[in-house]
Amino acid sequence: MNIKASLLMTALLASTSCFAADTYQVTSSVYAQGKLVAAPKIVVEPNKSALITIGNNFSYNLTVKPNQDETADVAAVVTVDDNTINPSFTVAYDKQATIEIGTQKLTIQVSKVGS
């Protein structure tokens, strides 16, 4: 009987770990016209959107889609005042990436923090 219980617990623990979701910490800085607007640091689950708003003039929405090669695809919508940019790019984990569009600049770093 103890062997059956032990096998059942092992099977349950193994199946539970298969369902644990990875999480990613995204550290970023948003600049407008050369000035830092915000530097949000958030933890997100893969393929789920995260939204930050500050006051009436700043919003930041992003999604992280992990790849098999230690990179992640990041899609963002950044609005400062009435200017919106929609960058989409691939970043290596723990490496900073920068994109500039018009007068806005976004730096981003994605780190895997949990599974």
Side-chain angles (χ1 to χ4, degrees):
M1 188 66 162
N2 285 339
I3 293 173
K4 287 182 183 179
S6 176
L7 289 174
L8 178 61
M9 286 301 292
T10 302
L12 287 174
L13 288 173
S15 66
T16 302
S17 66
C18 291
F19 293 112
D22 291 337
T23 55
Y24 299 87
Q25 178 175 291
V26 180
T27 304
S28 53
S29 298
V30 178
Y31 298 86
Q33 300 176 356
K35 296 184 181 187
L36 180 65
V37 175
K41 183 185 289 189
I42 56 175
V43 176
V44 298
E45 292 181 15
N47 303 309
K48 292 190 178 179
S49 181
L51 173 66
I52 296 173
T53 57
I54 301 172
N56 293 326
N57 63 345
F58 177 77
S59 68
Y60 180 57
N61 188 345
L62 70 92
T63 304
V64 175
K65 179 184 173 198
N67 298 314
Q68 296 292 329
D69 62 352
E70 296 299 308
T71 65
D73 296 329
V74 177
V77 178
V78 181
T79 302
V80 178
D81 296 325
D82 293 329
N83 298 319
T84 299
I85 61 171
N86 299 299
S88 180
F89 47 98
T90 301
V91 298
Y93 295 149
D94 302 314
K95 305 269 185 187
Q96 186 174 15
T98 301
I99 190 164
E100 288 188 58
I101 301 173
T103 61
Q104 291 189 35
K105 179 169 100 172
L106 172 65
T107 64
I108 193 165
Q109 182 173 330
V110 176
S111 302
K112 193 172 182 179
V113 293
S115 60

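Below, each value reflects all heavy atoms present in this structure, side chains not excepted, and no hydrogens, waters or symmetry copies.
Distance CG/L51 to CG/N61: 5.0 Å, rounded to 0.5 Å. Between atom OG1 of residue T27 and atom NZ of residue K41 there is a gap of 4.5 Å, rounded to the nearest 0.5 Å. Atom CD of Q33 sits about 8.0 Å away from atom CG of N83, to the nearest 0.5 Å.
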Per-pair distances, 0.1 Å, donor-acceptor, side chain in residues 87-101, under 3.5 Å, sequence neighbours excluded:
unit_1: T90; atom_1: OG1; unit_2: D73; atom_2: OD1; d: 2.6
unit_1: Y93; atom_1: OH; unit_2: T71; atom_2: O; d: 3.4
unit_1: D94; atom_1: OD1; unit_2: S111; atom_2: OG; d: 2.6
unit_1: Q96; atom_1: NE2; unit_2: T107; atom_2: OG1; d: 3.4

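In summary, the side chains of T79 and T84 do present a donor paired with an acceptor at a separation below 3.5 Å, with no hydrogens or angles considered.
Remark: S28 engages P40, Y60, L106, I108 in a side chain to side chain contact (heavy atoms under 4.5 Å, CB included) (not counting sequence neighbours). Among residues two or more places apart in sequence or in another chain, the side chain to side chain contact (heavy atoms under 4.5 Å, CB included) test is passed with I42 by V26, V44, A50, I52, L62.
In terms of heavy atoms, Y31 sits closest to S29 at CE1-CB, 3.6 Å.
Both I54 and V37 are assigned to one and the same hydrophobic cluster, defined by single-linkage of ILVMFWY side chains at heavy-atom distances under 4.5 Å.
In this structure the side chain of S49 reaches within 4.5 angstrom of the side chain of T63, judged on heavy atoms.
Residue N56 places its CG atom among 12 or fewer non-hydrogen atoms of other residues, nucleotides or ligands, all under 6.0 Å distant.
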